[in-house]
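First listed ligand is number 1; within each ligand, the first listed atom is number 1.
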Amino acid sequence: MDRFKIEGGRKLEGTVRISGAKNAALPAMAACLLTNEPVHLENIPHVRDIITMAKLLAHMRCRVGSPDIPPSSFTIQAETVSHAEAPYELVKTMRASVLTLGPLVARFGYARVSLPGGCAIGARPIDIHIQALEKLGAEITMEHGYVEARTKRLRGAEFRFPKITVTGTENVLTAAVLAEGETILENSALEPEVTDLAELLIKMGAKIEGVGTSTLRVHGVDRLHGATHTIIPDRIEAGTFLIAGAITGGELLLTNCEPAHLAAVIEKLKACGIDIRCEGGGKLRVRAAKKLVAGDVTTEEYPSFATDMQAQFMALATQANGVSHIRETIFENRFLHGSEMARMGANIVMDGNLAVVAGPTPLSGAPVTASDLRASAGLVLAGLVADNTTWIDRVYHIDRGYEQIEEKLRSVGARIERVTQP
Ligand code: EPZ
């Protein structure tokens, strides 16, 4: 199992190219199941979840080709899908496998997908995905740990999401595009990854109105065709590097990003005193604060502050002057990194969904354990400012969603290495 060894205390300076968004690439890859023609996807990050989705599509007998290693583009052709099943072995390593449910049942009238279990950050049920697909006419049964969906053809319907769900909106949207008649999805997620998916579907021939709003109106079509699409930049990777530049007292230029998708994060970091400038052409420059001050953050759905940036903000808060209040409203158990940061000397008191961080406190390098993808990113940031050596265990979590993080950090001056244990 790999670990990271970080020698903290180095200012990060230089340029970092932001990769494509994993959470946009995953639904885009699943959407390739909707047509028998090839779909070409560009700006795909080379991360473990993408490899898992590629394996899953190959398991379903799709042709998945990538001309370059590591992949930044994929051509996926689901000409024949002889195996409309997402098995437990793959779903347990990546719950986004559930994104194949909607497209499979819409195109083939049948899908069998293992139920994802809970994960380190919360229970994460898929009840709303199921309710919505039932509303579209799918007959759904759950047996032996699998969801089975059957239909002759899905029918358009009106559905109001009782709670905003990102992959729920994506799953149902990719089903509705091939349903007969009109579907109206209310209280849909507004995340840029949902909009990116809708834009791909429109290129494939889908008829969708209201893209970028909470009401999506879909006029089902009989078939979709191939398309070429470039995945949006990863706003969470960009946000993580903004904090990396600021927390180490350095200066970074981030290229290939979409500042508009980071508005809430940029606003919050600026309020903490960090100098962030949009330089046009997808570039963001971050310079450390003269005096870093505490800030309060509540995670909420887009366009508010993302839960996927909460752990990284907590690392920053340990170095800020004053008391920061961090409230997590999306997932019920997303503070495990807080206890690890406390082991490094941070002053963090957690009570339910509220973490109160008093700073600044010098962090001292320690062995810590990553519990999920973004927690790992938070711990890497903490390690970058800690004295001596920080060892981070279970970095397979970070490999799920950050492309070459240690290479990118090293290229701007961090001392971080991957140590592979036999
Ligand atoms: C997506 O997860 C992201 N994953 C997550 O990214 C992200 O943290 C999350 O959205 C919130 O922004 C992908 O896009 C692949 P939700 P998702 O459904 O869709 C509850 C990362 O680190 N809910 O929007 O699974 C749910 O339990 C990650 O990259 C139900 O109750 O999140 C949660 O409390 C992790 N029933 C809330 O809704 C349902 O049927 C929002 O979850 C569905 C969701």
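- Counting only non-hydrogen atoms, the option in R334, R374, K22 that gets closest to atom 35 (C) of ligand 1 is R334.
- For atom 2 (O) of ligand 1, the nearest protein heavy atom (residue, atom name, distance) is R124 NH2, 3.2 Å.
- In this structure, R112 forms a cation-pi arrangement with Y146, its terminal cationic atom sitting closer than 6.0 Å to the ring centre and no more than 45° off the ring axis.
- Considering both main-chain and side-chain atoms, I128 comes within under 3.5 Å of ligand 1 through a nitrogen or oxygen pair.
- The single protein non-hydrogen atom nearest to atom 19 (O) of ligand 1 is T167 OG1, 2.6 Å, given as residue, atom name and distance.
- Tested against L99, the residues L56, T167, L104 include a single side-chain contact (heavy atoms from CB on, under 4.5 Å) partner, T167.
- When all heavy atoms are compared, the tightest approach of L101 to A149 is CD1-CB, 4.2 Å.
- The protein atom (non-hydrogen) at minimum distance from atom 1 (C) of ligand 1 is V166 CB, 3.9 Å.
- Looking from atom 8 (O) of ligand 1 to the surrounding protein, the closest heavy atom is D308 OD1, 2.6 Å.
- Residue H129 touches ligand 1 through backbone and side chain together, judged by heavy-atom distances below 4.0 Å.
- Backbone and side-chain nitrogen or oxygen atoms of I330 are examined, and one is located within less than 3.5 angstrom of a nitrogen or oxygen of ligand 1.
- Of the protein's heavy atoms, D127 OD1, 2.7 Å lies nearest to atom 36 (N) of ligand 1.
- Counting only heavy atoms from C-beta outward, the side chains of R48 and M53 never approach each other to under 4.5 Å.
- Of the protein's heavy atoms, F331 CE2, 4.2 Å lies nearest to atom 26 (C) of ligand 1.
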Side chains of residues 206-213: which donor-acceptor partners sit under 3.5 Å, not counting sequence neighbours?
unit_1: E209; atom_1: OE2; unit_2: H219; atom_2: NE2; d: 3.2
unit_1: T213; atom_1: OG1; unit_2: G210; atom_2: O; d: 2.6
unit_1: T213; atom_1: OG1; unit_2: T215; atom_2: N; d: 3.2
unit_1: T213; atom_1: OG1; unit_2: T215; atom_2: O; d: 3.0

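- Counting protein heavy atoms only, atom 23 (N) of ligand 1 is closest to P125 O, 4.1 Å.
- Summary of contacts: the protein heavy atom closest to atom 15 (C) of ligand 1 is N23 OD1, 3.4 Å.
- One finds no salt bridge joining E158 and K135 here, because no Lys/Arg side-chain nitrogen approaches an Asp/Glu carboxylate oxygen to under 4.0 Å.
- At least one donor-acceptor pair under 3.5 Å links the side chain of R10 to the backbone N or O of G413.
- Contact check on K408 versus E237 returns a salt bridge, with a Lys/Arg side-chain nitrogen under 4.0 Å from an Asp/Glu carboxylate oxygen.
- At a 4.0 Å heavy-atom cut-off, ligand 1 does not touch D372 at all.
- When the heavy-atom distances from atom 12 (O) of ligand 1 to T165, N171, T307 are ranked, the shortest goes to T307.
- Between H83 and H59, the ring center distance clears the sub-6.0 Å criterion.
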